[in-house]
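Notes for the one structure printed next.
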Amino acid sequence: MPSLSVYGAQWGDEGKGKIIDRLAAGADYVVRYQGGANAGHTVVVGEEKYVLHLIPSGILHPGKVNVVGNGVAIDPLKLLDEVSGLRERGVAVDGTNLRLSAGAHVIFSHHRRIDQLGERWLGDGKIGTTGRGIGPAYGDKARRCGLRVSDLLDAERCRDRLGAALAEKNAFIQAVHGEEPMELETELDRYISIGSRLEEFVCDTGALVRAAYRAGKQVLFEGAQGVMLDIDLGTYPYVTSSNTGPNGIPSGAAFPVGQVDQVVGIAKAYCTRVGEGPFPTEDHGAEGEAIRKAGNEFGATTGRPRRCGWFDAVAVRYATECHGTNGLVLTNLDVLSGFESLKVGVAYELDGQVFDEYPAHLPSLEGLRPQLETLPGWHENIEQARTWDDLPERARAYVEWLEERIRIPIVMLSVGPERDQVIPRGLSL
Ligand code: GDP
Ligand code: IMO
Ligand code: MG
């Protein structure tokens, strides 16, 4: 299959970085098409751990082209930090293996600041954003007053457009938040000088990827966040500001939807969420705490403890159905070793009404109680399992039971953070 979309089917942090890195071995291009440095994709190679925010998770494989598409919100300061961080660790990053879209919107310091001020303003009603300026930057894109990477490459144009944007943002920061304005000349100098440092990476990435596909190259699309954080399909307003699944590819990578040949979702064998918002199968007790400890569930971008709970078959089935998913990769199965029993959310309940399917018509999932089924757990450590037959019978039964619930095949299992800790079940590039 020449092109494959891999996306998160829960609330993010499903292990996309690990799986993309693994699949990247067989790919030619790895393409990000949405999100920004709110993402934190962990890749573990031997003793080395890398957390990638804006750079696609194929960068550790020499010879692959890593593309940041026009739908990504690029914070150039974070991007350049990430490039130099990788170079310091001996990873080659240059204009041959990293390409940035000229049409991607830029996240400036004022977006980050307004993100954080907005959260403060909301108080208890905050979203719990990563503070990376994502919402304000996508907001400016929709309001048609954002700047794109191509604007940074033209000093005069950048001065005009950024100057105009900052005048408005400063009025807003002062009038609404009562805070000090941004220093205009400092900001202009900072971003005008950045353009020349980005130049070697910039091109029309849409044309690049379409031509690669035509030439028979293998293209891997790397989703960030997850479907339940999708601005249209997720638990609005507790979502991010982009389309996180293959629904983001045509607009965010300028790549035809009909040429996305295979669609694969990723979900953990349990569930986590960072930030605010409903999470029906969250476990507030000792078992949630035990999952956090066993899975070391702390945010890769912000370090916040992740909220933990059980696999939500209703939400994952909804996510995978929305995207016509061919198969699911189930990660972190090893984390469940040692639990006497495992719970899985199979329906929601509200005031005596039972929802077997995801109730997207409700204003919120807040207040829904999960109906949980209990399955027997297993005690064996499965980190060394590499084939289906290596797994204890109860682990196999758990996977098969989930498969029935979500109605698509589980095409790969992950049993640890490292590259080789997978059990293939049919997925290949
Ligand atoms: P992403 O945002 O979807 O790429 O996921 P993150 O990197 O934010 O979080 C996933 C975490 O789980 C990282 O610390 C990974 O190293 C780790 N991880 C990935 N797959 C597995 C797995 O199968 N088992 C365990 N124990 N950890 C995993
Ligand atoms: P990866 O790609 C988990 C969450 C934030 C917050 C909401 C909005 O690593 O899976 P934003 O900063 O995007 O405006 O925050 O979305 N969020 C993530 N949660 N993984 C992520 O990315 C996330 N990116 C954003 O915690 O609840
Ligand atoms: Mg993450």
Side-chain angles (χ1 to χ4, degrees), residues 6-22 32 34-45 48-54 56-57 72-73 75 107 111-112 114-116 118-119 126-139 222-231 234-242 244 265-279 291 293-307 329-337 381-383 385 412-423:
V6 177
Y7 70 89
Q10 295 166 320
W11 278 277
D13 303 329
E14 296 90 348
K16 298 177 293 292
K18 181 224 155 127
I19 300 299
I20 304 272
D21 164 74
R22 167 84 190 198
R32 279 276 308 267
Q34 48 71 234
N38 49 349
H41 294 180
T42 312
V43 179
V44 177
V45 185
E48 297 290 315
K49 174 172 151 177
Y50 301 85
V51 181
L52 299 160
H53 298 286
L54 275 163
S57 304
V72 177
D75 183 330
I107 297 190
H111 290 125
R112 265 183 272 117
I114 290 170
D115 189 357
Q116 290 155 21
E119 288 282 273
K126 71 177 191 288
I127 288 166
T129 71
T130 59
R132 298 293 188 268
I134 299 296
Y138 278 119
E222 174 176 3
Q225 291 80 52
V227 175
M228 304 313 292
L229 289 170
D230 182 288
I231 185 141
T235 50
Y236 192 89
Y238 298 99
V239 293
T240 190
S241 302
S242 63
T244 59
I266 303 194
K268 278 178 182 157
Y270 47 94
C271 192
T272 64
R273 174 166 201 168
V274 205
E276 309 301 320
F279 176 5
I291 294 175
K293 205 164 159 223
N296 192 25
E297 292 292 355
F298 295 88
T301 295
T302 58
R304 293 178 287 178
R306 294 177 182 148
R307 299 158 61 191
V329 176
L330 193 71
T331 60
N332 293 51
L333 190 62
D334 54 299
V335 172
L336 294 182
S337 288
N381 180 320
I382 58 171
E383 289 165 14
M412 183 184 274
L413 301 170
S414 174
V415 291
E418 297 209 20
R419 253 183 196 168
D420 70 331
Q421 290 184 295
V422 297
I423 298 178

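Because the structure is predicted, anything quoted here is derived from the model rather than measured. Both counts, for ligands and for their atoms, begin at 1 and track the order of listing.
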Separation between [atom1] of [X] and [atom2] of [Y], rounded to the nearest 0.5 Å:
| X | Y | atom1 | atom2 | answer |
| --- | --- | --- | --- | --- |
| Asp21 | Ile19 | CG | CD1 | 9.0 Å |
| Leu336 | Ile291 | CG | CD1 | 6.5 Å |
| Gln421 | Leu333 | CD | CG | 12.0 Å |
| Thr272 | Arg307 | OG1 | CZ | 10.0 Å |

What heavy-atom pair brings [X] and [Y] nearest, and what distance separates the two atoms?
| X | Y | result |
| --- | --- | --- |
| Gly8 | Lys16 | N-CD, 3.6 Å |
| Val239 | Asp230 | CG1-O, 3.5 Å |
| Gln34 | Ala224 | OE1-N, 2.6 Å |
| Gly133 | Asp115 | N-OD2, 2.9 Å |
| Gln225 | Gly35 | OE1-CA, 3.7 Å |
| Ala385 | Val415 | O-CG2, 3.6 Å |

Nearest protein heavy-atom contact for [atom]: which residue, which atom, what distance?
| atom | value |
| --- | --- |
| atom 23 (O) of ligand 1 | Ser414 OG, 2.5 Å |
| atom 22 (O) of ligand 2 | Gln225 NE2, 3.4 Å |
| atom 6 (C) of ligand 2 | Gly128 O, 3.1 Å |
| atom 3 (C) of ligand 2 | Asp13 OD2, 3.3 Å |
| atom 8 (C) of ligand 2 | Val239 O, 3.4 Å |
| atom 13 (O) of ligand 2 | Thr240 OG1, 2.6 Å |
| atom 10 (C) of ligand 1 | Asp13 O, 3.8 Å |

Of [options], which has the heavy atom at the shortest distance from [atom]?
| atom | options | value |
| --- | --- | --- |
| atom 13 (C) of ligand 1 | Leu330, Thr42, Ile266, Asp334 | Thr42 |
| atom 8 (O) of ligand 1 | Gly40, Gly299, Ser337 | Gly40 |
| atom 5 (O) of ligand 1 | Gly8, Gly15, Pro417 | Gly15 |
| atom 18 (C) of ligand 2 | Thr42, Asn38, Val274, Leu229 | Leu229 |
| atom 4 (O) of ligand 1 | Gly12, Gly17, Ala294 | Gly17 |
| atom 11 (C) of ligand 1 | Arg306, His41, Glu14, Gln421 | Arg306 |
| atom 1 (P) of ligand 1 | Glu383, Lys16, Gln10 | Lys16 |
| atom 26 (O) of ligand 2 | Glu14, Arg304, Lys126 | Arg304 |

Can you tell me if Gln10 uses its side chain to pair, donor with acceptor, with the backbone of Ala267 under 3.5 Å?
->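 Flag not set: sc Gln10 to bb Ala267 has no pair under 3.5 Å.
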Polar side-chain atom of Lys18 near backbone of Thr42 as donor-acceptor pair, under 3.5 Å =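 Such a contact is absent between Lys18 side chain and Thr42 backbone.
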Would you say ligand 2 has an N or O under 3.5 Å from any N or O of [X]?
| X | value |
| --- | --- |
| His41 | yes |
| Ala224 | no |
| Thr130 | yes |
| Thr129 | no |
| Glu276 | no |

Region of Arg273 engaging ligand 2 - heavy atom pairs below 4.0 Å =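 Contact part for Arg273 vs ligand 2: neither.
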Give the contacting part of Trp11 toward ligand 2: side chain, backbone, both or neither, where contact means a heavy-atom distance below 4.0 Å.
->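 The answer is the backbone of Trp11.
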Could you tell me, atom by atom, which parts of ligand 1 come under 4.0 Å of a heavy atom of [X]?
| X | value |
| --- | --- |
| Lys18 | 20 (N) |
| Asn332 | 12 (O), 18 (N), 19 (C), 20 (N), 21 (C), 22 (C), 23 (O), 24 (N), 25 (C), 27 (N), 28 (C) |
| Val335 | 26 (N) |

May I ask you to list the atoms of ligand 2 that are less than 4.0 angstrom from any heavy atom of [X]?
| X | value |
| --- | --- |
| Ala39 | 1 (P), 2 (O), 9 (O), 22 (O) |
| Gly275 | 27 (O) |
| Lys16 | 1 (P), 2 (O), 10 (O) |

Do any heavy atoms of Gly40 fall under 4.0 Å from ligand 2?
->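 So Gly40 counts as touching ligand 2.
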Structural part of Val415 in contact with ligand 1, heavy atom criterion under 4.0 angstrom =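 Just the backbone.
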Give the total of protein N/O/S atoms at a distance below 2.8 Å from the Mg ion (ligand 3).
->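 N, O or S atoms of the protein closer than 2.8 Å: 2.
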Any N/O of Val44 closer than 3.5 Å to an N/O of ligand 1?
->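 N/O-N/O distance under 3.5 Å: no.
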Does any N or O atom in Lys268 lie less than 3.5 angstrom from one in ligand 1, N or O only?
->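 No: no nitrogen or oxygen of Lys268 is under 3.5 Å from one in ligand 1.
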Sub-4.5 Å side-chain heavy-atom contact between Lys268 and Asp13 |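 Yes, close enough: below the 4.5 Å cut-off.
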Determine whether Arg304 and Thr130 make a side-chain contact, defined as any pair of heavy atoms from C-beta on separated by less than 4.5 Å.
->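 In contact.
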Residues Glu276, Lys126; criterion salt bridge (charged side-chain N to carboxylate O under 4.0 Å, His left out); working and verdict = CA-CA 7 Å; Glu276 309 301 320; Lys126 71 177 191 288; 3.8 Å; yes
Go through the steps to decide whether Ile134 and Ile107 satisfy the test side chain to side chain contact (heavy atoms under 4.5 Å, CB included), and finish with yes or no.
-> CA-CA 7 Å; Ile134 299 296; Ile107 297 190; 3.8 Å; yes
State plainly whether the residues Arg132 and Asp75 are in salt-bridge range, i.e. N to O under 4.0 Å.
->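 Answer for the salt bridge query: no.
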Take every heavy atom of Gly416, measure it against each atom of ligand 1, and state whether any distance is under 4.0 Å.
->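 Judged by the 4.0 Å heavy-atom criterion, Gly416 does count as contacting ligand 1.
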Would the number of heavy atoms belonging to other residues, nucleotides or ligands and lying under 6.0 Å from CZ of Phe298 be above 12?
->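 Correct, the count exceeds 12.
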